[in-house]
Amino acid sequence: MGIIKESILIYQPNRVDDNVFFSKIMDGSSEITFQIPKTKIYIDREKEKCKIFLNETMISELETISKDIIKITSESSKDFFGKELDIDSCSSLYRNAISDGNLLNCFYNDETYFFHKKNKLSISDIEDEINGIVLLKGDVIVYTKTAFYIRWEIQQMKIKKERVLHEPMLSE
């Protein structure tokens, strides 16, 4: 069974800027949230972004969600934007959050909960490249004049530090 349990719903877009609209997305009556198992994470503090290494299963799940978003946007384009956009047009405007084949581009913010074991961490306490388990949420689609994409946000990140194995010391 996949990440999506019911069917994806896209709500009427709301203008947040002259050329930017946000549209809430849901999995039926639930938010779209899921856990990414222990993986490599790359942090970009300047942009408050992360890149998360995905396995093939997660890539397939996210691509299925993307295809649904493209299809629903095409079907609702007349209501949303006052003009019809076919699937091909929507596909060419869609910006996939997966880059370099297997890295998910996502965001974190002040509400993101970072921790190791039971200890809360600040983003400044975390290295640029780490291993961790991520609770991810996709709750909005961002529409601009030239593109649209799902904004994936990290809700929680559990840092998994590598265990260092010490070799026994040899006696002389």
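Note: hydrogens, waters and symmetry copies are ignored here, and every other heavy atom, side chains too, is used. For clarity, every value in this text was computed on a predicted model and none was experimentally measured.
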_Can you confirm whether Ile8 sits close enough to Met26 that some side-chain heavy atom of one is under 4.5 Å from a side-chain heavy atom of the other?_
no

*Taking salt bridge (Lys or Arg N to Asp or Glu O under 4.0 Å) as the test, write out the residues that go with Glu75, two or more places apart.*
Lys71

*Phe21 to Pro13 - nearest heavy-atom pair and separation*: CB-CB, 3.9 Å

*N/O donor-acceptor pair under 3.5 Å between Thr112 side chain and Asn109 backbone*: yes

*Neighbour count >12 (heavy atoms, 6.0 Å) for atom CD, Glu111*: no

*Please report the shortest heavy-atom distance between Gly138 and Ile150, naming the atom on each side.*
CA-CG2, 4.3 Å

_Any Asn55 side-chain heavy atom under 4.5 Å of Thr39 side chain_ = no

*Side-chain contact, heavy-atom cut-off 4.5 Å: Ile3 with Met58?*
yes

*Taking all non-hydrogen atoms of both residues, which atom of Asn131 and which atom of Lys40 are closest, and how far apart?*
OD1-CA, 3.6 Å

_Reported CG-to-CZ distance for the pair Leu136 and Phe34, which is rounded to 0.5 angstrom_ = 4.5 Å

_I'd like to know whether Ile130 forms a side-chain contact (heavy atoms from CB on, under 4.5 Å) with Ile43, so could you lay out the CA-CA distance, the side-chain angles of the two residues, the decisive distance to 0.1 Å, and finally the verdict._
CA-CA 8 Å; Ile130 54 168; Ile43 297 175; 4.1 Å; yes

*Taking all heavy atoms of Asn96 and all of Ser66, pick out the closest pair and write down the distance.*
OD1-OG, 4.3 Å

*Does a side-chain heavy-atom distance below 4.5 Å link His116 with Lys161?*
yes

*So how far is it from Asp79 CG to Ile10 CD1, rounded to the nearest 0.5 Å?*
12.0 Å

*asked:* Looking at Ser60, is its backbone amide N or carbonyl O close enough to the side chain of Thr64 to form a donor-acceptor pair, meaning the two atoms are under 3.5 Å apart?
replied: yes

_Measuring only between side-chain heavy atoms, which start at C-beta, is Ile41 closer than 4.5 Å to Glu129?_
no

*asked:* Measuring from atom NZ of Lys24 to atom CG of Asn14, what distance do you get when rounded to the nearest 0.5 angstrom?
replied: 11.0 Å

*Report yes if some heavy atom in the side chain of Val140 is under 4.5 Å from a heavy atom in the side chain of Ser23; otherwise report no.*
no

*Verify same cluster id: Tyr149, Ile70 (apolar side-chain graph, 4.5 Å)*: no

*asked:* Under the rule for ring-ring contact (aromatic ring centres under 6.0 Å, His included), what residues qualify as partners of Tyr11, not counting sequence neighbours?
replied: none

*asked:* Test of understanding: clusters of I, L, V, M, F, W, Y form through side-chain heavy atoms closer than 4.5 Å, transitively. Do Ile36 and Ile159 belong to the same one?
replied: yes

_Electrostatic pair Glu31-Lys137, nearest N-O below 4.0 angstrom_ = yes

*Give a yes or no on whether Ile133 and Tyr113 share a hydrophobic cluster (residues Ile, Leu, Val, Met, Phe, Trp, Tyr; joining criterion: side-chain heavy atoms under 4.5 Å apart).*
no

*Do you see a donor-acceptor pair shorter than 3.5 Å between the side chains of Asn19 and Thr144?*
no

_Can you give me the closest heavy-atom contact between Phe115 and Gln156, atom names plus distance?_
CE2-OE1, 3.8 Å

*Measure the CD1-CG distance between Ile65 and Asp27 for me, rounded to the nearest 0.5 Å.*
8.0 Å

*asked:* Show the nearest heavy-atom pair for residues Thr146 and Arg95, with the distance to one decimal.
replied: O-NH2, 3.6 Å

*For residues Leu103 and Leu54, determine if any side-chain heavy atom of one lies less than 4.5 Å from a side-chain heavy atom of the other.*
no

*Euclidean distance, Ile123 CD1 relative to Met157 CE, rounded to 0.5 Å*: 6.5 Å

*ring pair (Phe, Tyr, Trp, His ring centres under 6.0 Å): which pairs involve residues 74-112, sequence neighbours left out?*
Phe81-Tyr143, Tyr94-Phe148, Tyr108-Phe114

_Tell me if a side-chain donor or acceptor on Asn105 pairs with a main-chain N or O of Ala97 at a distance below 3.5 Å._
yes

*For the atom pair OG (Ser99) and CG (Leu104), what is the distance rounded to the nearest 0.5 Å?*
8.5 Å

*Is it the case that more than 12 heavy atoms not belonging to Lys38 sit under 6.0 Å from its NZ atom?*
yes

*same_hphob_cluster(Tyr42, Ile52) at 4.5 Å side-chain heavy-atom cutoff*: no

*asked:* Please tell me whether Ser89 and Asp86 have a donor and an acceptor in their side chains that are separated by less than 3.5 angstrom.
replied: yes

*If two hydrophobic side chains count as joined below 4.5 Å and joins carry through other members, does Phe53 share a cluster with Ile98?*
no

*Quick one: does Asn102's side chain get under 4.5 Å of Ile59's, heavy atoms only?*
yes

*Carefully, step by step, assess Glu153 and Cys106 under the rule side-chain contact (heavy atoms from CB on, under 4.5 Å).*
CA-CA 6 Å; Glu153 292 194 10; Cys106 55; over 6 Å; no

*asked:* Does atom CD (Glu127) have a neighbourhood of more than 12 heavy atoms from anything else shown, all under 6.0 Å?
replied: no

